[in-house]
Amino acid sequence: MPAPKGSSALVIPTVAFALKQGIDAQKLEERVGLPLCALNTWEERVADDVLPRIWALIAEETSDAAPPPTLEMARTAPISFFGHLGDLTRVAPDLGTILRALAQNSGLISDRALVELHVSGAAATLRAWHPLEPLYGGRVHELCVAMISRLITHIFGDEVRAAEVRFGFDRQGNQEHFDRFFGSTVRFDPSAGGGATMVFDRSLLQRPNPGANQVAARFMEGFITELQAQQIRDGYPRELWRLRGAISATLQDGQSLRAPDIAKRAGMSLRSTQRLAEQFGITLRQLVDEVRLERAKALMTVNPSASIDDVGRQLGFSDPSGFRRAFKNWSGESLGTFRKRLR
């Protein structure tokens, strides 16, 4: 089953933010090659490069001294940005439940994002990935953790924040803006392979939510479960996106793409992942190949001069010839033909 095109989940609020910043609607349409009516819809999905084009235009129209657009967007966006997931977090009993809800239902933030929660020792770590990070330049991660930070402080106040925020990319010249926004230590490490991480003191997990409502929380949990079940009936489900996210995160971490490990990372049993793939006429191996092809194209689109060796290694190939053969099998065209179209 071919993956749908890029989601409108982040496109709509990003377009709204761009217009609020005073960017001319005609200029926006010219940059993305689509009319605004095609962007302002939850029904139609858009090409993967639309969101980066909008962000690039916002950056061009923004002063160098201004905060990064993603942070400003998170600061000014309404809490309703989170939709039903935001409704659940506002009535959940404590911070630990809220973080688990964000991880388990990350597709409600961005349908291709994967958010994982690990609790060990004295820390609780929330980590986010997106399969198209090379194309998006880390902006989805910035927006994701910035909105999570905003949501948490909205519920608990400024005294409940992540002790540390880490990004697996660089943002030279913007350290002050990030430190001020998150109110905690922010680190950038391009060698970390992408992604974004929020580290909380484990003792905060028991912090009670002042707006907790047990009946409302159970209702919202049931509503979200039904919403996800409806999506399985209607089309490409969030569970399948989550499985794709687990594959992408495994690739970014440079780990082996073993089926049991992918299933565990997605929070599913191996049999469940196999049944889910079969339900949509695809094998788990084909799904892995879809994600590898998607990431290969993103890496080469961002850097058309990247060597075949480097791209192949990032996809788990030790032999460039193996990557060339695989790319031809996945896409139906040779690597050379694809790279010529990028020039």
Side-chain angles (χ1 to χ4, degrees), residues 10 13-14 17 55 59 66-77 79 81-82 85-86 89 94-106 108-110 112-134 136-207 245 248-249 252-253:
L10 291 178
T14 305
F17 174 73
W55 273 324
T70 46
L71 299 188
E72 187 63 14
M73 182 175 167
R75 187 186 68 80
T76 59
I79 295 299
F81 177 98
F82 282 94
L85 183 55
T89 58
D94 52 41
L95 178 62
T97 303
I98 289 172
L99 295 182
R100 285 190 290 274
L102 291 169
Q104 292 167 1
N105 302 287
S106 57
L108 291 174
I109 303 174
S110 173
R112 288 162 131 172
L114 176 69
V115 179
E116 298 177 325
L117 176 65
H118 299 285
V119 180
S120 61
T125 303
L126 200 69
R127 193 173 180 195
W129 289 268
H130 195 283
L132 296 180
E133 181 181 9
Y136 289 170
R139 291 187 180 92
V140 169
H141 295 120
E142 289 177 7
L143 186 58
C144 179
V145 298
M147 284 302 301
I148 289 173
S149 179
R150 167 113 186 273
L151 179 66
I152 290 172
T153 55
H154 176 78
I155 294 171
F156 296 96
D158 287 341
E159 69 273 13
V160 178
R161 290 182 177 270
E164 183 180 352
V165 179
R166 298 193 295 262
F167 293 102
F169 43 84
D170 196 9
R171 283 292 182 267
Q172 293 183 359
N174 284 309
Q175 184 75 48
E176 181 182 348
H177 292 299
F178 280 90
D179 289 344
R180 184 182 305 118
F181 181 92
F182 288 102
S184 54
T185 302
V186 180
R187 304 184 189 282
F188 298 93
D189 181 10
S191 67
T197 302
M198 305 178 77
V199 182
F200 295 86
D201 188 313
R202 186 172 180 173
S203 65
L204 290 177
L205 297 184
Q206 306 304 317
R207 181 67 64 96
S248 177
Q252 287 181 232
D253 277 353

Rounded to the nearest 0.5 Å, how far does [atom2] of [Y] lie from [atom1] of [X]?
X: Ile98; Y: Leu126; atom1: CD1; atom2: CG; result: 11.5 Å
X: Leu143; Y: Met73; atom1: CG; atom2: CE; result: 5.0 Å
X: Arg202; Y: Thr125; atom1: CZ; atom2: OG1; result: 11.0 Å
X: Thr70; Y: Arg171; atom1: OG1; atom2: CZ; result: 7.0 Å
X: Leu102; Y: Leu117; atom1: CG; atom2: CG; result: 9.0 Å

- Task: Please work out which of the three classes, parallel, tilted or perpendicular, describes the rings of Phe178 and Phe182, given edges at 30° and 60°.
- Result: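 Rings of Phe182 and Phe178: parallel, as their planes differ by under 30°.
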
- Assign the ring pair Phe167 / Phe188 to parallel, tilted or perpendicular, where the plane angle (0 to 90°) is split at 30° and 60°.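 Phe167 vs Phe188 ring planes: parallel.
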
- Check for a donor-acceptor pair, side chain of Glu142 on one end and backbone N or O of Pro69 on the other, with a separation under 3.5 Å.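 The answer is no, because no donor-acceptor pair under 3.5 Å joins these two groups.
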
- Message: Treating Arg166 as the side-chain partner and Thr197 as the backbone partner, does any N or O pair qualify as donor plus acceptor under 3.5 Å?
- Response: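 Between the backbone of Thr197 and the side chain of Arg166 there is no qualifying donor-acceptor contact (under 3.5 Å).
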
- Asp94 versus Thr97: any side-chain heavy-atom pair under 4.5 Å?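 A side-chain contact exists here, since the closest heavy-atom pair is under 4.5 Å.
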
- For Arg161, what residues pass the side chain to side chain contact (heavy atoms under 4.5 Å, CB included) criterion, not counting sequence neighbours?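 For Arg161 the side chain to side chain contact (heavy atoms under 4.5 Å, CB included) partners, ignoring immediate neighbours, are Ser149, Thr153, Asp158.
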
- Item | Partner residues of Phe156 under the ring-ring contact (aromatic ring centres under 6.0 Å, His included) criterion, sequence neighbours left out |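 Phe156 satisfies ring-ring contact (aromatic ring centres under 6.0 Å, His included) with no residue once adjacent residues are dropped.
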
Which atom of [X] lies closest to which atom of [Y], heavy atoms considered:
X: His141; Y: Ala196; value: CB-CB, 3.8 Å
X: Ala74; Y: Arg150; value: O-NH1, 2.8 Å
X: Glu72; Y: Pro67; value: OE1-CG, 3.9 Å

